[in-house]
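What you see is a predicted model, and the numbers here were worked out from it, not measured in a lab. In what follows, chains are A, B, ... by sequence order, proteins preceding strands, each numbered from 1.
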Number of protein chains: 2
Amino acid sequence: MIFTAPRYRFTVPPMREAAAPESRPYHHGDLRRALIDAARRLLEQEGPTALSLRAVAREAGVSPAAPYHHFKDKGELLDAVAHEGWEMLNQALTAARAKAVSLHEKMAGLGVAYVLFARDNPSLYRVMYDGSRDKEDLPTQMRMKDDSAYCQVRDTLVEAGADPTDEIALELATTAAWCAAHGLAEMASFKSFDHLKEAVGGEEAFFHGVFEHMQVFAKDKAD
Amino acid sequence: MIFTAPRYRFTVPPMREAAAPESRPYHHGDLRRALIDAARRLLEQEGPTALSLRAVAREAGVSPAAPYHHFKDKGELLDAVAHEGWEMLNQALTAARAKAVSLHEKMAGLGVAYVLFARDNPSLYRVMYDGSRDKEDLPTQMRMKDDSAYCQVRDTLVEAGADPTDEIALELATTAAWCAAHGLAEMASFKSFDHLKEAVGGEEAFFHGVFEHMQVFAKDKAD
DNA sequence: TTTTTCATTTGAACGATGCTTAGATACCAC
DNA sequence: GTGGTATCTAAGCATCGTTCAAATGAAAAA
């Protein structure tokens, strides 16, 4: 049985606008924070290809060498950005799960929320995933934290009737759901699917439709 | 000028089956072919991050500007590499489908063959996918050609009993299978799954296990 | 208050990248 | 041969990630 763990910080610190020159106890104040914000701003506005370390420093109003006192290299900055992305994703899934009524809605809602997050934050999602891909591991917070997407999917599967004592089957099913969501998240933007989206009545309906053809999201398994 | 052997030409040891050097109507022969081979060689040996246009030119034994007479830019070279990757993938799926006996084996075999291809050609798979992602479209050969992965999955679903007249459901199911395979292909290398792979008796069994938890790969749907 | 300390930030520099331009090279048709 | 032309090289531009000695300035020590 899953215990409700204390939820500490539920919200990712919101991006600050560009220069906020009020209080700067040190030279810049909190340059680390400012660099992460600048990176997320650039990511949102210019896309992942435009995200150079020098551009981030420029955006933060600082010299190209300044970031190296707060991050070992470019990858470490991206890791920090990705970390906030994972927290945002966890929040989105928590909200989707809370909103759902039936068990089937919970599973489908989780999947759709996952894909919607990727659709609404395409550049951030790519950074999140590229970071974990290069490390050949899922970020720690995705599997360890109680509100991680992985745990939420697994718990929901148990609620939906999965045998919690068959750990292997449970992990396989969770992985299957994860793969399905990730696969759809990465392919959803392909123009090839435009006609399908229209045919089923919109993008969200398309996501539901795809998930309904996967066993872990099937209604007969939930109730 | 010092009379030495030309520095750039004829210096490529054909580590692999280098493109037939019989006919070289021009300076290098078929530099386009040599560049693609060099790119694939680098991709295999050094990984995707080491794949710079200059490094490809170096590997092919030509100057950094030479590739621009055969490819508009770096992306066009990668497109050519990706194209060959898709053809290899289609071949792998064709072989897997031919080998399968039962209908269920055909679907599962297709999925596993897809993931195995990605596992065995990780860098190539990434280039294949990044190329189509940036264009926001699946490569033409994946949906148009008769032996494309998409068509093979769709046809196999029909063989397995899907209603060929319900085009929307058929496309949704095909897409679902595709997403599942792609998602697993991209996550299969995560170390987080090592214990699961071991628990189920190997990597291939792990792939089968994940697919068996998705409806489109479920046995009860096939027969 | 003055001085010292030391993290923070800068400016300059290095090697490497993608790409462009101008010119040299060598194949082919004549 | 000669000329035309596709092919390739050389050199250069702007940008990138990264390093390092110097400069800056907040905080602690005097």
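The main-chain N or O of A/R54 is never found under 3.5 Å from a side-chain atom of A/K74 such that the two would form a donor-acceptor pair. Under the 3.5 Å distance criterion, the side-chain polar atoms of B/D73 are matched with a main-chain donor or acceptor of B/E76.
We find that CG of B/L53 is positioned 16 Å from P of C/dA16, with the value rounded to whole Å. Taking atom CD on A/E46 and atom P on D/dC16, their separation rounds to 12 Å, with Å as the unit. Rounded to whole Å, atom C1' of C/dC19 lies 14 Å from atom CD of B/E76. As rounded to whole Å, 15 Å separates atom C1' of C/dC19 from atom CG of B/L78. Distance B/Y68 OH to D/dA10 C1': 15 Å, rounded to the nearest Å. Rounded to whole Å, atom P of C/dT8 lies 10 Å from atom CG of A/D30. Between the CG atom of B/L77 and the P atom of C/dC19 there is a distance of 10 Å, given to the nearest Å. If you take CZ of B/F71 and C1' of C/dG18, they are 16 Å apart, rounded to a whole angstrom.
A salt bridge does not link B/E186 with A/R126: every distance from a Lys NZ or Arg NE/NH1/NH2 to an Asp or Glu carboxylate oxygen is 4.0 Å or more. Checked for salt-bridge contact, B/R33 and B/D37 meet the test: a charged N lies under 4.0 Å from a carboxylate O.
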Paired and unpaired positions of DNA chain C as dot-bracket, Watson-Crick or G-U wobble under 3.5 Å, | denoting a partner strand: ||||||||||||||||||||||||||||||

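Of the inter-residue distances, the one linking B/E59 atom CD with B/Q45 atom CD reads 6.5 Å to the nearest 0.5 angstrom.
Note on B/S52: only backbone sugar-phosphate atoms sit closer than 4.0 angstrom, heavy atoms only; bases stay farther off.
Mapped onto DNA chain C by nearest heavy atom, B/K72 and A/A66 fall at different nucleotides, with A/A66 at the one closer to the 5' end. Residue whose closest nucleotide on DNA chain D sits further toward the 5' end, between A/A50 and A/A65: A/A50.
Residue A/H70 has no polar side-chain atom (N or O) positioned under 4.0 Å from OP1 or OP2 of C/dA7. B/R32 has no side-chain polar atom (N or O) that falls below the 4.0 Å cut-off from OP1 or OP2 of D/dA6.
Of the candidate nucleotides C/dG18, D/dC20, D/dG17, C/dG18 has the atom lying nearest to any side-chain atom of B/R54. With D/dC8, C/dT20, D/dT18 as the candidates, the nucleotide lying closest to the side chain of B/L31 is D/dC8. Side-chain proximity of B/S63 to D/dC8, D/dT9, C/dG11: nearest is D/dT9. You'll find that the side chain of A/R58 is closest to D/dC16, out of D/dC16, D/dG17, D/dT9.
Taking the six-membered ring where the residue is Trp, B/Y125 and B/F117 present perpendicular rings, their angle passing 60° and hence far from 30°.
Just one of B/Y129, B/Y150, B/W178 meets the ring-ring contact (aromatic ring centres under 6.0 Å, His included) condition when paired with A/F190; it is B/Y129.
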